[in-house]
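Presented below is the structure to which this report refers.
Reminder, nothing fancy here: chain letters follow the sequence lines and each chain counts from 1. This is a predicted model, so every value here is computed, not measured.
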2 protein chains.
Amino acid sequence: MTIKEVASKFSLTNDTLRYYEKVGLIGPIKKNKSGIRDYQEEDLRRIEFIKCMRSAGIPIEILKKYVDLYDLGDSTKNERQKLLEEEKVKLETRIKTMQDTLDKLNYKIELYKTNKLDKYL
Amino acid sequence: MTIKEVASKFSLTNDTLRYYEKVGLIGPIKKNKSGIRDYQEEDLRRIEFIKCMRSAGIPIEILKKYVDLYDLGDSTKNERQKLLEEEKVKLETRIKTMQDTLDKLNYKIELYKTNKLDKYL
DNA sequence: TATTGACATAAACTATACTCTAAGTAGTAT
DNA sequence: ATACTACTTAGAGTATAGTTTATGTCAATA
């Protein structure tokens, strides 16, 4: 699978895919004799995971740590699990924060709708 | 109220407060004869709002647009309401994305817990 | 053969949101 | 009077995550 096809499949850009490879999140991707990338099934699974995690704002640095542990093999399973559990907690916290903001936003919108605004921003 | 007190009250830094003022999100803050900032009630309300929205990731540029509209007076009420409603939708979308990621994270953690991982990242 | 288009690389650039530094002043403590 | 601390400013620097640019190669088409 070419970089273009992969980029299209995951709604990423070619640049982002090469960037992810450069920082070691994926790959190194297999290349043909002309030096053109040929993404394998395994690569696609990684990219899907990375994309999902990134879309929730999990930093590249953390994901890098995770894939590095993965590549070290079975002995790192506990450490990987711990990492995921930590990110889970952080993510829950962020979701709660955003939900609170959403609630305030809804309240404010209600005030606008009912014309009850006075001297508040 | 001094910048230090305000920063402490909202868990921001002095630098961030001055930065928000520089980009026009708040202020201009009243200053005493020595040029020291003295935050007023109205300023605090704005800062609380800004802090809340920022904590949910709403960009400064959008917030700036909102406070600018606010400062233009009542004639901008509809526009402000529309802006808030748009941000509400974006925020809901982001929360959903993050919730999906959280679900996947939980699923993955389950796999770790039950030792059912095989060749997946 | 000449050109075109997609790919490649390294490195510079951008966007967003701060954060820090340098240099200076005002008010207080010794 | 001197030192110390907290504040001030303008402007430079940092962090994160890409994105763009310059330059080059290769395969296929005109």
Side-chain angles (χ1 to χ4, degrees), chain A residues 1-40 43 46-47 49-68 87 90-91 94 97-98 101, chain B residues 1-40 43 46-47 49-68 87 90-91 94 97-98 101:
Chain A
M1 214 173 183
T2 68
I3 195 169
K4 193 179 188 172
E5 289 164 341
V6 176
S8 160
K9 180 175 172 68
F10 293 108
S11 298
L12 294 168
T13 67
N14 301 10
D15 288 324
T16 298
L17 283 169
R18 281 189 286 251
Y19 169 70
Y20 284 171
E21 187 177 349
K22 183 164 70 172
V23 300
L25 268 191
I26 55 175
I29 303 300
K30 189 183 150 195
K31 302 193 187 157
N32 68 18
K33 32 274 149 298
S34 316
I36 307 290
R37 287 175 178 75
D38 181 15
Y39 290 82
Q40 308 299 305
D43 299 323
R46 285 204 181 202
I47 292 165
F49 176 73
I50 299 293
K51 156 122 209 219
C52 175
M53 296 300 131
R54 283 295 302 128
S55 73
I58 295 178
I60 283 178
E61 195 183 357
I62 302 278
L63 298 174
K64 170 83 169 113
K65 203 175 285 180
Y66 181 74
V67 305
D68 284 352
E87 290 314 307
K90 289 186 210 164
L91 186 49
R94 277 190 290 141
T97 299
M98 291 168 77
T101 299
Chain B
M1 215 171 181
T2 68
I3 195 169
K4 194 179 187 172
E5 290 165 339
V6 176
S8 162
K9 182 176 171 70
F10 293 109
S11 298
L12 295 168
T13 67
N14 300 11
D15 285 325
T16 299
L17 283 169
R18 280 190 286 252
Y19 169 70
Y20 284 172
E21 187 177 347
K22 185 162 68 173
V23 299
L25 267 191
I26 56 175
I29 304 298
K30 189 182 150 195
K31 302 193 186 156
N32 68 18
K33 25 317 204 212
S34 315
I36 308 290
R37 287 175 178 76
D38 181 16
Y39 291 81
Q40 309 298 306
D43 299 324
R46 284 203 183 203
I47 292 165
F49 176 73
I50 299 293
K51 156 120 209 219
C52 175
M53 295 301 131
R54 284 295 303 128
S55 73
I58 295 178
I60 284 178
E61 194 182 358
I62 303 279
L63 298 175
K64 170 83 169 114
K65 205 176 285 181
Y66 181 73
V67 306
D68 284 353
E87 289 314 306
K90 290 187 207 163
L91 187 49
R94 278 190 289 142
T97 300
M98 292 168 77
T101 299

Check: B:Gln40 main-chain N/O paired with B:Lys30 side-chain donor or acceptor under 3.5 Å:
no
What is the distance, to the nearest angstrom, from the CD1 atom on B:Ile47 to the P atom on C:dC18?
13 Å
Short of 4.0 Å, heavy atom to strand atom, which residues of residues 22-38 of chain B count as contacting DNA chain C?
B:Ser34
Is the phosphate of D:dT19, meaning OP1 or OP2, less than 4.0 Å from a side-chain N or O of A:Thr13?
yes
Within less than 4.0 Å of OP1 or OP2 of D:dG18, is there a side-chain N or O belonging to A:Tyr20?
yes
The salt bridge (Lys or Arg N to Asp or Glu O under 4.0 Å) partners of B:Lys90 (sequence neighbours excluded) come to B:Glu87
From the options D:dT19, C:dC7, C:dC20, select the nucleotide whose nearest atom is closest to the side chain of A:Asn14.
C:dC7
Please confirm whether the shortest side-chain N or O distance from B:Arg54 to OP1 or OP2 of C:dT16 is below 4.0 Å.
no
Is any side-chain heavy atom of B:Tyr20 closer than 4.5 Å to one of B:Ile60?
yes
Protein-nucleotide distance (B:Ile3, atom CD1; C:dT19, atom C1'), rounded to Å:
13 Å
Taking CG from B:Leu17 and P from C:dA17, how many angstroms apart are they, rounded to a whole number?
16 Å
Taking the minimum atom-to-atom distance to the side chain of A:Glu61, which one of D:dT16, C:dA6, D:dT19 wins?
D:dT16
Whole-Å distance separating the CG atom of B:Leu12 from the P atom of C:dA17:
14 Å
Salt-bridge test for B:Arg18 and B:Asp15: reply yes if a basic N is under 4.0 Å from a carboxylate O, no otherwise.
yes
What is the distance, to the nearest angstrom, from the OH atom on B:Tyr39 to the C1' atom on D:dA6?
14 Å
List the steps and the verdict of ring pair (Phe, Tyr, Trp, His ring centres under 6.0 Å) for B:Phe49 and B:Tyr66.
CA-CA 11 Å; B:Phe49 176 73; B:Tyr66 181 73; 5.5 Å; yes
Looking only at side-chain atoms of A:Arg18, point me to the closest of D:dA17, C:dC7, C:dA8.
C:dA8
Holding to salt bridge (Lys or Arg N to Asp or Glu O under 4.0 Å), I want the full list of residues that pass it with B:Asp38, two or more places apart in sequence or in another chain.
none
Just the rounded figure in Å: distance from C1' of D:dG18 to CZ of A:Phe10.
19 Å
Picking from D:dT19, C:dC7, C:dT19, which would you name as closest to the side chain of A:Tyr19?
D:dT19
Tell me: NZ of B:Lys4 to C1' of C:dA26, nearest whole Å?
16 Å
Gap between atoms CG and C1', on B:Asp15 and C:dT16 respectively (whole Å):
17 Å
Where do A:Ile3 and A:Leu17 come nearest, in terms of heavy atoms and distance?
O-CD1, 3.7 Å
